[in-house]
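Working notes for the structure below.
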Amino acid sequence: MASSSSSYSNSPCAACKFLRRKCMPDCIFAPYFPPEEPQKFANVHKIFGASNVSKLLNEVQTHQREDAVNSLAYEAEARMKDPVYGCVGAISVLQRQVMRLQRELDATNADLIRYACNEIPTSNNNQFGRRHESSSFDQNSGLICYPTQWNNDGDNHERGGDGTI
């Protein structure tokens, strides 16, 4: 603790430097806004105001202050980039990206299932010499593969134009 109070006297914290005031050993901003990160406090001050941040830090428990400051700094930076939506805009962009990637993954999985099912022999010759379509179970993938006529949309290989076999 002695080393941290001596650093206050050597160089004021970013908040005190920005506000052009003397940084006292009990400065509420000093532990969270080091002199090496002046832009962090400048953004927080511009969006929330130094007085509001000071009040907030005094109301928050000591062990939660660092998280509170990091949240304020993140939101302030997001508000600087997007004044209307802030970090909610970034979250929305990420959610849309996740949904798009989920749809892409679902489509790819469906393609893999179709490919796996088309590789498995699904027909047997019955006693009359006609192809007998039945579903099969792929032991390796655990997939139930249905006859080709069920897999292909509108593609009736064994059906005539009127739907008869």
Side-chain angles (χ1 to χ4, degrees), residues 1-120 122 135-146 148 150-155:
M1 187 90 177
S3 63
S4 62
S5 58
S6 65
S7 67
Y8 296 142
S9 61
N10 292 340
S11 178
C13 69
C16 291
K17 188 180 278 189
F18 185 87
L19 299 171
R20 296 181 182 169
R21 64 182 195 189
K22 184 175 180 176
C23 191
M24 303 303 285
D26 61 343
C27 176
I28 189 120
F29 298 118
Y32 314 108
F33 296 103
E36 304 85 40
E37 300 177 25
Q39 196 59 44
K40 181 178 177 181
F41 181 78
N43 291 345
V44 169
H45 173 65
K46 184 171 183 173
I47 300 299
F48 299 106
S51 177
N52 290 331
V53 174
S54 175
K55 288 176 192 174
L56 184 119
L57 290 176
N58 283 320
E59 290 177 11
V60 172
Q61 295 177 3
T62 307
H63 69 279
Q64 295 177 322
R65 287 180 182 167
E66 186 174 1
D67 290 335
V69 168
N70 289 336
S71 294
L72 289 171
Y74 182 79
E75 177 64 27
E77 187 176 338
R79 287 278 169 191
M80 298 295 282
K81 293 177 182 174
D82 185 355
V84 176
Y85 294 107
C87 66
V88 174
I91 291 168
S92 296
V93 167
L94 292 172
Q95 285 177 331
R96 284 193 302 272
Q97 185 179 9
V98 166
M99 288 187 296
R100 181 183 54 78
L101 291 171
Q102 186 63 51
R103 285 192 306 268
E104 186 178 327
L105 180 62
D106 291 344
T108 303
N109 284 334
D111 289 343
L112 285 171
I113 290 170
R114 274 193 298 278
Y115 177 76
C117 289
N118 286 333
E119 291 293 315
I120 299 170
T122 58
S135 63
S136 63
F137 181 74
D138 180 9
Q139 296 291 329
N140 295 330
S141 67
L143 300 173
I144 297 176
C145 297
Y146 294 100
T148 314
W150 294 357
N151 289 341
N152 299 327
D153 297 331
D155 186 15

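Hydrogens, waters and symmetry mates play no part in the numbers below; they use all other heavy atoms, side chains included.
Here Met24 contributes atom CE and Cys16 contributes atom SG; the two are 9.5 Å apart, rounded to the nearest 0.5 Å. With rounding to the nearest 0.5 Å, the separation of CG in Leu101 from OG1 in Thr108 is 10.0 Å. With rounding to the nearest 0.5 Å, the separation of CD in Gln97 from CG in Leu94 is 6.0 Å. Separating the CG atom in Asn118 from the CD1 atom in Ile113 is a distance of 12.0 Å, to the nearest 0.5 Å. Atoms CZ and SG, on Arg21 and Cys13 in that order, are 7.0 Å from each other to the nearest 0.5 Å.
Proximity of a side-chain donor or acceptor of Asp82 to a complementary backbone N or O of Ala78 within less than 3.5 Å is not detected. Checked by atom type and distance alone, the side chain of Lys40 never pairs as donor or acceptor with a backbone atom of Val69 at under 3.5 Å.
Every residue meeting the ring-ring contact (aromatic ring centres under 6.0 Å, His included) condition with Phe41, not counting sequence neighbours, appears here in chain and number order: Phe18, Phe29, Phe33, His45. A search for side-chain contact (heavy atoms from CB on, under 4.5 Å) contacts involving Glu59 returns nothing, not counting sequence neighbours. With sequence neighbours excluded, no residue satisfies salt bridge (charged side-chain N to carboxylate O under 4.0 Å, His left out) with Glu36. Partners of Arg79 by salt bridge (charged side-chain N to carboxylate O under 4.0 Å, His left out), not counting sequence neighbours, listed by chain and number: Glu75. Contacts of Phe48 classified as ring-ring contact (aromatic ring centres under 6.0 Å, His included), with partners at least two apart in sequence or in another chain: none.
Note on residues 98-107: pairs passing side-chain hydrogen bond (donor to acceptor under 3.5 Å, both in side chains), not counting sequence neighbours, are Gln102-Asp106.
Shown here for Ile28 and Ser54, the closest heavy-atom pair between the two residues is CG2-OG, 4.1 Å. For Ala73 against Val44, the heavy-atom pair with the smallest separation is CA-CG2, 3.6 Å. For the residue pair Pro35 and Pro38, the shortest heavy atom distance occurs at O-CD, 3.6 Å.
Within 6.0 Å of atom CD in Gln64, more than 12 heavy atoms from other residues, nucleotides or ligands are found, so the atom counts as buried in its surroundings.
Tested against Leu72, the residues Leu56, Leu57, Asn43 include a single side-chain contact (heavy atoms from CB on, under 4.5 Å) partner, Leu56.
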